[in-house]
Every structure is written in structure tokens, then in C-alpha cells.
Engineer: 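Have a look at this one before I ask anything.
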Amino acid sequence: MKSSELRQSFLSYFESKQHQIVESSSLIPGNDPTLLFTNAGMVQFKDVFLGEDQRPYTRATTSQRCVRAGGKHNDLENVGYTARHHTFFEMLGNFSFGDYFKKEAITYAWEFLTDVLKLPKEKLLVTVYADDDEAFDFWHEMIGVPKEKIIRIGDNKGGRYQSDNFWAMGDTGPCGPCSEVFYDHGEHIWGGPPGSPEEDGDRFIEIWNVVFMQFNRSVDGTMAPLPKPSVDTGMGLERIAAILQNVHSNYEIDLFQNLIAASAKAVGTDDLASQSLKVIADHIRSCSFMIVDGVIPSNEGRGYVLRRIIRRAVRHGNKLGQKGVFFHKLVEALDIEMGDAYPELRKLKDRVTSILLKEEEQFAKTLDQGMKILEEAISQLGDKKIIPGETVFKLYDTFGFPADLTNDVARENNLEIDEVGFDKAMEEQRNRARSASNFSMDMSGGITIDSVTEFTGYDNLNAQCEVESILVDGVAVDSIEAGQFAAVVLKSTPFYGESGGQVGDKGWLRGTGAFKVSNTTKQAKAHLHQGELKEGRLSVGGLVTGEVDRSLRMATTLNHSATHLMHEALRRILGDHVTQKGSLVDPERLRFDFSHFEGVTPAEIEQIEDMVNEQIRLNRPVETDLMDVESAKAKGAMALFGEKYDSEVRVLTMGADYSIELCGGTHVKRTGDIGLFKIVAESGIAAGVRRIEALTGKAAIDSVRHIESLLGGVAGLVKGNKENAFDKVIALNDHARSLQKELDFLKGKMAALAGADLASQAVDIEGGKLLVAQVDVADPKELRDLLDELKSKLESAVVLLASVHDGKVSLIAGVTKELTKKVKAGDLIKMVAPLVEGKGGGRPDMAQAGGNNPDGLPEALALVPDWVAERV
């Protein structure tokens, strides 16, 4: 059975058991900031298991793409050296959210393995947690597995419930026993059953893990039964495919054999058994799918993991003799193998190819140099077996060699790296680079605020509100007097609290006093109105009239709505890979950071502006709807990875489905309200992240007028008008270049004349001439040209020239080749420079220096003849 057929067979089987087929989630976990990458099938359902999210189904099945190449779960160094380690793998899983439990989960597992896949029952054995008699009985009495093939695994990791067969989501929370199914590859392969001293061998291989979530562990360790026990399972696609295809290594299955063949062709080798080809075939999967899910090579976080894997693959290709770029060519082969199952790969394969090629080209510039440094370091080790941490760090810092890549090379030479020394060097670098932090005033004092403020400001910027609480320096008070700064919490407010990239509103709270709101922020579900009481008194329980600064809110609203239009234009023009990486919307302008691997061209900027302004001119209504998250996604609304949404979300639709996003910010009523959209800046702010700044409304008009005014000023200077100013400037520029050429020619002539005149001042020394002179030349290049002219005329000479300009001394010395054995220009400069409070040096034939004391120049020049005479 092919890998693709196995994947579909698994999903179809569980679909027949009333499971909802759920697409693989992104490799970037959307609900778990503690994870670098999605590393198991249950990650996308974590909130469901915790009871924080509800789905319209209680049974699910997935083929989840996973990466284990960074953080706690890191298999990178083992890839290529073992039969079953990968940076990328697919996890087949079935899940029950408070629906079925042990009986059904065990039945489904056995039925799929033995009835659907036709695995021999005698080849299978299972494990259960030592105390899980219920699971043991199900396996033996219901399924018929012999008792001797059901192995109880106790607390083998130290401590109660610390077992290979007891799973926990964390130190507290949902947990429970698990039951694993193992396949026996036969007596001809070394290894023992699970729980035995030889369990790490390759004879018995785990193929399926069934987790029974039945307890909730509290902080004190108490295990309370869950009201709705659940099931989480996982089976590695690659492992089960190897068994079905009657091979022992995952790298021998059809999927990998095709990728290995493509890798061999790309690097130009016939050795299909090479470990390096396994590394390359594995790495093209993880790298491609990381990029598909929005990861860009960089020097931190997920981007750094991606860069490490790409460079490891490139190094292995280099090891096989491929000195050119090759890795990006494998995306096509990967698409053939996995594009049907994952259409997003097929859709973005050109982008993936482009990013991989760019990263390959960048690394290729330093790979050869870095390998030479590493090979030299290894050759100097002698009997030592550890590469120094300083060398590992130099390779990382100078040549972009990740430590694990150096470790890879070390292992091939039966060596190790000094990880402690490397970490120390890294920490020292961080300390040097760490800049002072910026701090801002926290009006809440960092305390937790439980209040819930009702926001009423979408349509009303003026409303009566009740004061819920007042905080001064983080301390709750009953009232404040004029002159005091505070954070005021209202039960309801028309003031928008800073969130989603939109700045907080400013304005006034008026009642028994006048409180000037300088900013509005949010803490949990409370709005904090920060500012100063200008007059009167403000008390908890009092009524105030909230007055939002209308002009600032309107300007901010225009920029926020334009941001949504621009985001969609970026995706349509640059590609679907564009995702928001940051946003700031204030009354002045909008700033939008997004993932993109190269600069946005002027032509693309024009296209983006045209598309947004077209939507503005269409003047279509902007609609907002409240709905549940699943309905919003079904409508096509864009959501941000990692963003936490309530059960009911606000969906913003602009331009008749042109743009659909989840957003709680304030917006215009119709797109035409924006008036005008103008991009004023585009730049790169990090690897793979670009930034666009733009203006809207009156600010955009003012910007255009300012540019027109500047153009008019330029036109006046060149005695033209706005229509021909550009041509006039080009003509002036061409004329200036022509004059510069003439000037350079004349300077050359003058230098030649000056050189001839100066050459006549040279005096005879042993073996040639000596010329010491102060000249009136300010430009360093002219000074060097004059020196070359004199050396040429005098043929065999020692020359020292000095000039003074703006109180600074410039010295230059030259010695012709035949005299450098006796007199060195660098030594001459080192002798003279201190006398003018300067220092310098250079080669034997030419040296330079600068000084700050012109008064010392006569004495310095006077010493030169005797100094030279002593040496010739």
C-alpha cells in the first residue's frame, strides 16, 4: 500500500465511524505559545480537551503534519543516522471529545490494523499503564490479545504517574493512562519488548499510541475524574507505511525512495544508500512545509530553525560533491508526492522554491570558507576529540554555521563539540548586543482588574458612564483631586481601548470634575482611561460624560479601514503567503508589517495603491456581523495565528466580499469615506518581514500637495515648469558629470605640473632621491595621486608629503621598490606622526597618517633627512 493510499484509508475508515475529517493545522501552533512547532495531532484540539473551545463535532480524525526540529522536541541531529527519526512527519490520529472512550478506541485501533491493513495479529503486542486494569481487560477479553502480549508499564520515569504509559498535558490539567501498539519485526533484528533492558532495539516498534484522558490533576497532585473522558491517538504514517511495504527503515518507503532518487539526481550521485541523501530527502519536507505555513529563514525563533535545516541539507549536498545550488529543485518532486494531500503546497510551490534558492545562494557564499576553517581546526586537534567552543562560535558568527551543523561534521569525524564553550561565547555576544529596554508608565501598577467594560463607541462618541474604579500608581482609591494622574475604569465607555494595532482614544470625562484622557488601554476586559484630572473631583460611583476626540478617532478610523483594504491588495498582488506580522493604526498614518521575502518594487507599490483606491472610489458599504468563529472561517474571514478569539467574533466585510477579516476595531461606514490612499514608505525590518507606511484622507492629500510644492520649487531652480522639470534635472546632471570629468582632467594636469616642480626640489641620497615637502592639497585622493606622480618621476626615491587643512595634518610617505629593503614607508610615518599628535602606518612602499597639531609639522619634517640618511 502506497503512503498516499494509507493516509486516505485511515481517514476514510474513521469517517465511516462518524468522525469528522479535519484538515491538518498549520505547523505554527495557533493556540499554544509554549510550542515552537506543531509536534502532534492533538495540538490543534488542545483547547477542546481543556474545555475552552467547542466544535460542532465530538469525533475527529486528521493527518497532521508535524515538525520536531527545535525546542523540547528536537530530532534534527538524529536525522539521517537512524531508521525512523525525521524533522517532518505525518501523524494519523482519531479523537473523541467526551464521546467514546477506552472500549471503542481499542476496538477501532485493532480493527483498522488487522481488518483494514491486514497486519498479522501474532506480530502485534500492546502495553498498558500498570494500574489500568480496565484497558488490560478490554485488550484480553474483548479483543482476544493473549495476556503474555499485554505488557504493564509502571512508573519507570521516577515518581507517581511518571511513566511511558501515562500521558499528561502538563504539570496540572487533563491526563491519563495510555496504551501503545507495537509491531514485531522478527527475531532476526536485535531488541527486546517494551519494558525490557533491550527495549531500545529495533525489533519491536511502536506504531500507535492511544491516550485515555480520564483525570484532571490539581496542583497538590490530586487526580479527579474528568466529567467527560476523552481520547487522543497518534500513529506515524511513515512507520506504518514501512511495515506495510515490508521494509525496515522509513527511508525505504515509496515516498522517501522517490525523494531520495530526486535528491541523488539533483546533487549528481549514484550512491542511493548515502546517509546524506536521507538527510536531504527529509529536510526538503520540513523546509517546504514551514515556508508554506509562513516561516521565513531568519536568525531567531522558527526562522532560525528553518535556516539551520536548509543549511544542513546544503552542507550534505556539498559533501556529496554538489558545489552549486540544488536543494530548491526538490520542491517539484515533493509536490508530486504530497501535493494531492496538501494542496497548499502545490499552490505555493513557486514561492517555496524561490525562498529556498535565495537561502542556498546566501549560504553558498560562505560554505567553502567555513568548511576550510572547520577542517583546519579538526586537523590541529591531534589526539583531542573535542572541537573548541570558540571555533564553533566563530563558524556560527562569521560563516552562518549553526552549532548542530558543526556537530554533524564532528560526528562524521568521531569528534564532539564543546557545547558549554559555545553557549558561553553566545551569551557573551548577547550581553554585548543587549540594548537598554524602553519602559512606559503602567497606570494599573500591574495588578489584575476583574471589571468588564462595555464598549459603546462604534457609533456613539459621547455617552454618560459610571465610574467603576480609580487607580493611582496601581492602588485603588475612592476619589482623586485636581492635578492627580490616574487610570479610570468605567462600567461602559465610548473610548476605544488600544488593541489590534489601533491606538486608544483620547478625550475628556466630564462630571464633577474634568478628566483629560491621554490614552485608553485594555487590561483583560476592562478599559483603562489614563490621564490627569484637570479640575474638580472624581469619585467611584459618580457619573461622567465620556467625550471622545472626534477628529482623532475619525483619522484613526480611516487608517484602520485602509489597512484592511491594503492587506487584501498585498495578498492579491504579492501572493497568499502574505500574513500580518504587526500593525499600528493612529491618527497620523498606518503602519503594516507583513511576511514577504523581498522588497516590494515600485511597480508593485503602484498596483497596491491602484487596487486600494479603486475600492475607495467604488464607495461600497462596510458591513459588520457577529457570529461564531467556525461560521466566520466558513465565510472566508482571515484570522491571525495565535490570536485568542471569543466564542462570538466581529466579522468585517469591505467592498462586497473584497476583504473579510475578524476585527474589533473602529471603521468607516463606506469605503469612499477614506478619500485617498497613498503609500509613503516601504522597507525591510527583519528577515522575511517588510513594512509599509501609508496615509489616508486629508493627510494623504497634504502629502501629495507637499510633493507638488517640492516639485514646483525644483522646477523654479532649473528654470522650467512641473512638466519639464525632470528632463531639466537630467540635463543638469549630465552637464555636471561632464564638468567633473573636465575638472578631474585639469587636476591631473596640475598635479603633473606640481609634481615636476616638486621633483626638482629632491635631494640626493645613497641609491636615489629624497623629497620632503608641505603641499597645499586637501583632498586625500589628490595627495595619493601626487605621491604616485613623484615616485614615477624620481624613479628611485623616498618621498614624504604633508598638508594642513582645517587644522588637521595629513601625512603620506612613499618608497620606491628598490629602496624598501632599507627604508620602509610605514616606519617613516610612525616616526613622524607622533610629532603632530597623530598616528598611522601602512605598507613598506606607502603609508599614511593624520594629526591634530600643525604646529609640530616643521620639526617633524626637519627630522626626516637624518632619519633616512641613517638607513641608506
Side-chain angles (χ1 to χ4, degrees), residues 27 36-39 65-71 73-90 237-238 249-253 255-267 269 272 274-293 295-298 302-320 322 324-338 342 345 349 352-364 367 400-409 411-412:
L27 287 173
L36 198 61
F37 294 104
T38 298
N39 56 25
R65 53 181 186 263
C66 303
V67 161
R68 291 186 179 177
H73 300 282
N74 186 359
D75 291 337
L76 182 58
E77 293 183 6
N78 292 318
V79 174
Y81 297 95
T82 68
R84 277 169 287 280
H85 278 101
H86 304 290
T87 56
F88 175 96
F89 63 94
E90 292 180 77
L237 172 69
E238 295 82 2
S249 167
N250 291 0
Y251 291 97
E252 297 177 50
I253 65 175
L255 189 157
F256 269 110
Q257 285 297 290
N258 295 335
L259 289 177
I260 286 173
S263 301
K265 181 178 179 181
V267 300
T269 181
L272 296 179
S274 167
Q275 286 182 328
S276 290
L277 290 182
K278 295 177 183 178
V279 172
I280 295 168
D282 170 90
H283 288 6
I284 191 60
R285 299 208 304 167
S286 55
C287 293
S288 296
F289 279 104
M290 282 187 202
I291 295 171
V292 165
D293 286 336
V295 182
I296 300 293
S298 68
R302 298 183 180 100
Y304 180 56
V305 175
L306 173 58
R307 174 162 285 168
R308 288 164 58 195
I309 301 174
I310 294 173
R311 294 188 169 188
R312 188 170 188 262
V314 172
R315 209 281 300 179
H316 276 275
N318 183 269
K319 180 182 173 184
L320 292 175
Q322 176 55 263
V325 293
F326 71 92
F327 192 50
H328 67 286
K329 299 176 183 177
L330 301 178
V331 177
E332 188 64 41
L334 180 64
D335 174 50
I336 294 172
E337 295 301 318
M338 302 184 70
Y342 299 104
L345 170 65
K349 68 177 181 180
V352 174
T353 301
S354 176
I355 291 176
L356 290 179
L357 173 59
K358 186 174 181 180
E359 185 68 13
E360 277 191 272
E361 291 173 337
Q362 183 176 332
F363 187 43
L367 179 59
F401 269 50
D404 48 19
L405 193 154
T406 303
N407 194 34
D408 221 24
V409 179
R411 178 156 44 174
E412 292 165 7

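Note: hydrogens, waters and symmetry copies are ignored here, and every other heavy atom, side chains too, is used.
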Engineer: Can you name the residues that form a salt bridge (charged side-chain N to carboxylate O under 4.0 Å, His left out) with E337, not counting sequence neighbours?
Structural biologist: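 Here no residue qualifies.
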
Engineer: I'd like to know whether Q362 forms a side-chain contact (heavy atoms from CB on, under 4.5 Å) with R307, so could you lay out the CA-CA distance, the side-chain angles of the two residues, the decisive distance to 0.1 Å, and finally the verdict.
Structural biologist: CA-CA 11 Å; Q362 183 176 332; R307 174 162 285 168; 4.0 Å; yes

Engineer: Step by step, would you call V292 with V352 a side-chain contact (heavy atoms from CB on, under 4.5 Å)?
Structural biologist: CA-CA 7 Å; V292 165; V352 174; 3.9 Å; yes

Engineer: I'd like to know if the side chain of D293 and the backbone of L27 have a donor-acceptor N/O pair within less than 3.5 Å.
Structural biologist: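 Side chain of D293 to backbone of L27: a pair is present.
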
Engineer: Minimum heavy-atom separation for L320 and S274, please, with both atom names.
Structural biologist: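 Closest approach of L320 to S274, heavy atoms only: CD2-OG, 3.5 Å.
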
Engineer: Do you know the tightest heavy-atom contact between A266 and L330?
Structural biologist: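 The pair with the smallest heavy-atom distance is CB-CD2, 3.9 Å.
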
Engineer: State whether E252 and K278 are salt-bridged, where the test is any N-O pair (Lys NZ or Arg NE/NH1/NH2 against Asp/Glu carboxylate O) under 4.0 Å.
Structural biologist: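 No, E252 and K278 are not salt-bridged.
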
Engineer: Report the C-alpha distance between T87 and H283 in whole Å, list the side-chain angles of each, state the deciding distance to 0.1 Å, and finish with yes or no for side-chain contact (heavy atoms from CB on, under 4.5 Å).
Structural biologist: CA-CA 7 Å; T87 56; H283 288 6; 3.8 Å; yes

Engineer: Might you point out which heavy atoms bring I284 and L334 nearest each other, and give the distance in Å?
Structural biologist: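 Result for this residue pair: O-CD2, 3.6 Å.
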
Engineer: Between V305 and I309, is there a side-chain heavy-atom distance shorter than 4.5 Å?
Structural biologist: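 Yes; the side chains approach each other to less than 4.5 Å.
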
Engineer: Determine yes or no for a side-chain-to-main-chain donor-acceptor pair under 3.5 angstrom, with E238 supplying the side chain and E90 the backbone.
Structural biologist: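 It does hold such a pair.
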
Engineer: From N258 CG over to I336 CD1, what is the distance, rounded to the nearest 0.5 angstrom?
Structural biologist: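 Reported to 0.5 Å precision, the distance equals 8.5 Å.
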
Engineer: Would you mind reporting whether K358 and S354 have side-chain heavy atoms less than 4.5 Å apart?
Structural biologist: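 With C-beta onward as the side chain, the pair stays apart.
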
Engineer: Please list, chain by chain and in numerical order, all residues satisfying ring-ring contact (aromatic ring centres under 6.0 Å, His included) with Y342, sequence neighbours excluded.
Structural biologist: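 Checked Y342 against ring-ring contact (aromatic ring centres under 6.0 Å, His included); matches are F289.
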
Engineer: Which of these, R311, R312, R308, sits in a salt bridge (Lys or Arg N to Asp or Glu O under 4.0 Å) with E359?
Structural biologist: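 For E359, the salt bridge (Lys or Arg N to Asp or Glu O under 4.0 Å) test succeeds with only one of R311, R312, R308, which is R311.
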
Engineer: Between OG of S249 and CD of Q257, what distance do you get to the nearest 0.5 Å?
Structural biologist: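 Going from OG on S249 over to CD on Q257, the span is 8.5 Å.
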
Engineer: Tell me the closest heavy-atom pair linking I260 and A281, and the distance in Å.
Structural biologist: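 Closest pair (atom of I260, atom of A281, distance): CG1-CB, 3.8 Å.
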
Engineer: How about I296 and L306: do any of their side-chain heavy atoms sit closer than 4.5 Å?
Structural biologist: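 Of all side-chain heavy-atom pairs linking L306 with I296, none is under 4.5 Å.
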
Engineer: Can you list the residues that meet the salt bridge (charged side-chain N to carboxylate O under 4.0 Å, His left out) rule with K349, with sequence neighbours excluded?
Structural biologist: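 Here the qualifying residues are E332, D335.
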
Engineer: Going by heavy atoms in the side chains, are K265 and F326 under 4.5 Å from each other?
Structural biologist: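 Sidechains of F326 and K265: no contact.
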
Engineer: Would you call R315 and V409 a side-chain contact if the rule is heavy atoms closer than 4.5 Å?
Structural biologist: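 R315 reaches V409 side chain to side chain.
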
Engineer: Over all heavy atoms of both residues, which pair between I280 and V267 is shortest? Give the atoms and the distance, please.
Structural biologist: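 The answer is CD1-CG1, 4.2 Å.
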
Engineer: Report the C-alpha separation of K329 and E360 in whole Å, then their side-chain angles, then the decisive distance to 0.1 Å, and conclude whether the salt bridge (Lys or Arg N to Asp or Glu O under 4.0 Å) test is met.
Structural biologist: CA-CA 11 Å; K329 299 176 183 177; E360 277 191 272; over 6 Å; no

Engineer: Under 6.0 Å between ring centres, would you say that holds for H85 and Y251?
Structural biologist: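 No - the distance between ring centres of H85 and Y251 does not fall below the 6.0 Å cut-off.
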
Engineer: Tell me whether the centres of the aromatic rings in H316 and F327 are closer together than 6.0 Å.
Structural biologist: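 So the answer is no for these two rings.
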
Engineer: Look only at the side chain of R285 and the backbone of F88, and say whether a donor-acceptor pair between them is shorter than 3.5 Å.
Structural biologist: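 Answer holds: yes.
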
Engineer: Could you go through the side-chain contact (heavy atoms from CB on, under 4.5 Å) check for V314 and I310 one step at a time?
Structural biologist: CA-CA 6 Å; V314 172; I310 294 173; 4.3 Å; yes

Engineer: Which heavy-atom pair separates S288 from V331 by the least distance, and what is that distance?
Structural biologist: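 S288 and V331 have their closest heavy atoms at OG-CG2, 4.1 Å.
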
Engineer: Looking at side-chain heavy atoms only, is the closest gap between L255 and N250 below 4.5 Å?
Structural biologist: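 SC-SC contact between L255 and N250 ruled out.
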
Engineer: Supply the atom-to-atom distance F37 CZ to R302 CZ, rounded to the nearest 0.5 angstrom.
Structural biologist: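 With rounding to 0.5 Å, CZ (F37) is 6.5 Å from CZ (R302).
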
Engineer: For a 4.5 angstrom cut-off between non-hydrogen side-chain atoms, does V67 reach N39?
Structural biologist: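 They are not in contact (no side-chain heavy atoms under 4.5 Å apart), so the answer is no.
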
Engineer: Does any non-hydrogen side-chain atom of F89 lie less than 4.5 Å from one of R65?
Structural biologist: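 A side-chain contact under 4.5 Å is absent here.
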
